[in-house]
Peer 1: 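The structure follows.
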Amino acid sequence: MTETITRAVAEAMDAGDALGGCREWFTLPPGVIYLDGNSLGALPRTTSDRLARVVEDWGRDLIAGWNRHDWIGWPRRVGDRIARLIGAEPGEVIVADSTSINVFKLLAAALELNPGRRVILSEADNFPTDLHIAQGLRRLLDDAIDLRTVDARALPDALDKDVAVLMLTHVHYRTGAIHDMAALTAAARRAGALALWDLSHSAGAMPLALNRAGVDLAVGGSYKYLNGGPGAPAYLFVAERWIDRIQPALAGWMGHAQPFDFDTTYEPAPGIERLLVGTPPVLSLAALDAGLELFEAVDLRQVRSKCIALGELFRRVVTQECGGHGLRLASPADPEHCGSQVSYAHPDGYAIVQALIERRVIGDFRAPDVMRFGFAPLYVRYVDVFDAVLALRDVLQTRAWDQPRFRLRALVT
Ligand SMILES: *Cc1c(COP(=O)(O)O)cnc(C)c1O
């Protein structure tokens, strides 16, 4: 018999939370329980001022700002901040473009770095954009390469001598399942393949050790746990041993060795800068930098422990309060194998999530039937988790979700 979990239990957990003070760093609308920071992170209090300052710099200094404020160096400088969070060295990470475009850049690079092999191996239900990009690359290359997708369990056996690159997302967007990055990277290397990891759902929510795991390439977004703002620029990682061997497929002038020589023939920059394409988005970089600055004072091991504890509390209270309503856990049963979210499948999941949002409990829905509850540990409290489950119980018990207006699908879900 486990003890009944009351709100007082959650309050006591907040009182003992080493990260409890971090919530003050964010502006959150009063009365909202925000369980969607895995999709769009919250607004740091420092972001508006930071943006305002850079806008002023722009107005006053005009084009001189590129040198005076080193805007041109920001992709690398902000990349170095991310490097610390993912277990990379300064100079191995750069901020650029979107995650999707960075997948294209690094897949193209991986295929060239591993000549004679033609297969991109991935997981069958990897995040769609990663697979779409691989499909587009295959078409561009007239089917000279192939995309092979298998279930997660079949990955090691599918690593044969044709595989050029293993492309995986570390934490599954729908279920939260975590791949064993070190083991799969080692398996890829034994098979002669490179490993390309998408960190979109892991960076900022747990410690990562790319270099220790021997990872070759990685990408990730910064508007989720890194709180860079809607559409914030993404980043990419290339292990130092590969950087100077990459001839970028998207060979833009910002990746040129001397962009301001205006040489008409491309020559790659000596470092990670060669993976830049066009002009950096300075305002977006400023917002991202404000988000990343917060992590300078954060121990990611504490972040991970809190993720696990929040998720565990959520599951236990759901089990206690929401039985008999057809919820099926869609996340790994062992919290140690789950990212910073808990997902439940329900045939009416979409409508249930909409009814919760009307009660100001914001989670999201992922087709076909998954309700996703994300726990960004810097600002989600244990009482939020407790109160969210009571709202869920209420929506289920009263069938509040069973109304036509909750079934209308918005463009973004
Ligand atoms: C969120 C996410 C993306 C988003 O890519 P964008 O190019 O920023 O739209 C890509 N991959 C994964 C795994 C994601 O979770």
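Computed from heavy atoms alone, side chains included, the values below leave out hydrogens, waters and symmetry copies. Note that ligands are numbered from 1 as they come in the structure, with each ligand's atoms numbered from 1 the same way.
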Peer 1: What side-chain donor-acceptor pairs closer than 3.5 Å can you find for residues 343-353, not counting sequence neighbours?
Peer 2:
{"from": "S343", "atom 1": "OG", "to": "R174", "atom 2": "O", "distance (Å)": "2.6"}
{"from": "S343", "atom 1": "OG", "to": "Q341", "atom 2": "NE2", "distance (Å)": "3.2"}
{"from": "H346", "atom 1": "ND1", "to": "D348", "atom 2": "N", "distance (Å)": "2.9"}
{"from": "H346", "atom 1": "NE2", "to": "H325", "atom 2": "O", "distance (Å)": "3.0"}
{"from": "D348", "atom 1": "OD1", "to": "R407", "atom 2": "NH1", "distance (Å)": "3.4"}
{"from": "Y350", "atom 1": "OH", "to": "L408", "atom 2": "O", "distance (Å)": "3.2"}
{"from": "Y350", "atom 1": "OH", "to": "A410", "atom 2": "N", "distance (Å)": "3.1"}

Peer 1: Please find out if less than 6.0 Å separates the ring center of Y235 from that of F237.
Peer 2: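 Not close enough - the centres of the two rings lie 6.0 Å or further apart.
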
Peer 1: Does the pair R77/D70 count as a salt bridge with the N-to-O cut at 4.0 Å?
Peer 2: no

Peer 1: Once ring-ring contact (aromatic ring centres under 6.0 Å, His included) is applied, what residue pairs with a partner in residues 21-50 remain, sequence neighbours excluded?
Peer 2: F26-Y379

Peer 1: Might you list the protein residues in contact with ligand 1, defined as having a heavy atom under 4.0 Å from one of its atoms, sorted by chain and number?
Peer 2: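 Near ligand 1, by chain and number: S98, T99, S100, F127, T129, D130, T169, D198, S200, H201, Y223, K224.
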
Peer 1: Once side chain to side chain donor-acceptor pair (under 3.5 Å) is applied, do any residues pair with R360, and if so which ones, sequence neighbours excluded?
Peer 2: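 Side chain to side chain donor-acceptor pair (under 3.5 Å) check on R360 returns nothing, list empty.
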
Peer 1: Would you say the side-chain atoms of E240 and N211 include a donor-acceptor pair closer than 3.5 Å?
Peer 2: no

